[in-house]
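To start, the structure under review is shown below, and the notes come after it.
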There are 2 protein chains.
Amino acid sequence: MRNVDRATLGGNLRIDQVLESATRLFTQKGYEAASVRDLAAELEIRPSSLYHHFPGKQHILFAICMRMQTDFNAEVIPELLASRPPDEAIASAVRRHVLFGQRRKGEVVVNIRERRSLPAEQLAQVNGLRREYRDTMARVIEAGCRQGSFAVGDPKLAAMAIVDMINGLPHWFKPRDEQDLERVADLYARAALALLRGWETDPVS
Amino acid sequence: MRNVDRATLGGNLRIDQVLESATRLFTQKGYEAASVRDLAAELEIRPSSLYHHFPGKQHILFAICMRMQTDFNAEVIPELLASRPPDEAIASAVRRHVLFGQRRKGEVVVNIRERRSLPAEQLAQVNGLRREYRDTMARVIEAGCRQGSFAVGDPKLAAMAIVDMINGLPHWFKPRDEQDLERVADLYARAALALLRGWETDPVS
DNA sequence: GTCTATACGCAGATAGAC
DNA sequence: GTCTATCTGCGTATAGAC
């Protein structure tokens with residue numbers, strides 16, 4: 001129970017094992033359909049032993065979502081904040097976003113599909129981190145418009161469209177190899193730029 | 001029980017009420033977390049009465065997903081197949097897709113988030129309809145490439161990117177009014193075209 | 001940190017009357 | 001088409017020994 005904080009930040013071995021198994025289980029069956037008994041069986045311990053590490057099932061989901069989203073923000077937001085042209089910032093961030101989504105696919109999918117099962121307060125914490133990312137991206141898009149490289153009337157909508165597009169990827173994309181992954185990461189970065197540059201252009205031009 | 005077929009196609013009043021309540025419930029709590037008792041309570045009948053209309057909880061989810069996806073394909077795929085320039089076909093389809101996603105928001109969200117809880121065979125049926133839509137869009141994109149209006153190396157990937165972008169919308173977008181909705185539908189159509197036209201262009205050009 | 005044993009409620013589903 | 005009554009199993013979680 002007192003290990004929950006460390007779990008959120010990562011570091012404790014046993015707890016990492018629990019989160020890993022839980023991620024696999026929640027991905028396959030969904031959070032609600034996966035039982036504490038299932039999870040204990042995967043870890044080859046008794047259900048009651050799990051309650052030594054976590055006060056309840058919900059906290060496991062919370063730990064997965066928070067750890068994933070914290071790591072994500074720490075990795076991707078700096079790409080947006082680095083001082084360089086907005087189109088380069090967006091391209092780098094999209095690339096990193098795609099790669100993160102594959103490297104941490106299980107957690108990302110769990111976060112997207114299952115976080116709504118969290119109680120309101122914990123859900124708000126996770127959503128706060130997600131909003132931070134989107135808002136940062138929206139500000140970069142705005143900067144790109146002022147600077148003239150983008151032509152977007154609604155930067156928040158544009159950011160949401162791009163994020164939704166990228167977040168769809170881990171649900172179905174299975175890269176053949178490392179090169180295939182790099183190819184798609186680049187392609188999505190280009191897609192985002194194409195979208196931001198041509199968005200408000202008359203479609204019949 | 002013998003009404004299941006009619007339920008899938010729509011038409012029976014009582015069954016429509018069940019599907020409507022179930023859609024609301026599944027959207028709010030998720031399919032697994034929503035109980036047959038919850039659903040009965042919403043309809044102000046006893047749980048056992050539900051089994052007169054459906055053989056089990058899963059069939060309700062199946063009916064929601066199939067009805068939604070059938071209606072969707074019947075409404076959107078013709079836009080892609082109509083004989084006209086590929087960019088017009090894509091723009092019309094995207095517009096319709098966005099509008100459908102708002103008009104039938106509940107069912108769309110349930111289909112996206114909860115269909116994985118279906119048994120393999122029923123899931124395959126729903127996914128078959130979804131693939132039909134994506135493949136049709138991919139073929140139109142290919143035609144657009146041959147014709148020179150699009151520049152896309154991987155039409156299937158492009159179709160998935162566009163579909164993921166649009167399917168994200170019902171999860172968060174709440175239009176202020178009818179004009180706001182039309183605005184976003186047009187914007188997404190433009191986004192799709194911008195993406196297909198500029199995708200393979202060198203991003204630093 | 002893991003165990004055995006168990007509490008307690010709710011899950012989906014069925015039988016059979018009206 | 002809806003009801004009452006009920007079955008059986010599994011759900012999360014706890015107590016307390018080792």
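What you see is a predicted model; the values in this text were computed from it and never measured.
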If only atom types and distance count, is the side chain of [X] paired as donor or acceptor with the main-chain N or O of [Y] below 3.5 Å?
X: A:Asp38; Y: A:Ser35; value: yes
X: A:Arg183; Y: A:Gln179; value: no
X: B:Tyr31; Y: B:Arg113; value: no
X: A:Lys105; Y: A:Phe173; value: yes

If the threshold is 4.0 Å, N to carboxylate O, is there a salt bridge linking [X] and [Y]?
X: A:Glu114; Y: B:Arg116; answer: yes
X: B:Glu79; Y: B:Arg84; answer: yes
X: B:Glu75; Y: B:Arg103; answer: yes

Quiz prompt | Contact residues, residues 26-46 of chain B to DNA chain C [heavy atom, < 4.0 Å] | solution = B:Ala34, B:Ser35, B:Val36, B:Arg37
Practice problem: Could you list by number each residue of residues 109-123 of chain B showing a heavy-atom separation from DNA chain C of less than 4.0 Å, or answer none if no residue does? | Solution: none
In whole angstroms, how far is the [atom2] atom of [N] from the [atom1] atom of [X]?
X: A:His53; N: D:dT14; atom1: NE2; atom2: P; result: 16 Å
X: B:Leu50; N: C:dG12; atom1: CG; atom2: P; result: 11 Å
X: B:Phe54; N: C:dG12; atom1: CZ; atom2: P; result: 15 Å

Quiz prompt | Aromatic centroids of B:Tyr133 and B:His97 separated by under 6.0 Å | solution = yes
Quiz item: Is the base of D:dT2 touched by the side chain of B:Ser48 through a donor-acceptor pair closer than 3.5 angstrom?
Solution: no
Self-check item: A:His52 side-chain proximity, nearest of D:dT2, D:dT12, C:dT2
Solution: C:dT2
Self-check item: Among D:dT2, C:dT14, C:dT2, the one nearest B:Tyr51 by side-chain distance
Solution: C:dT14
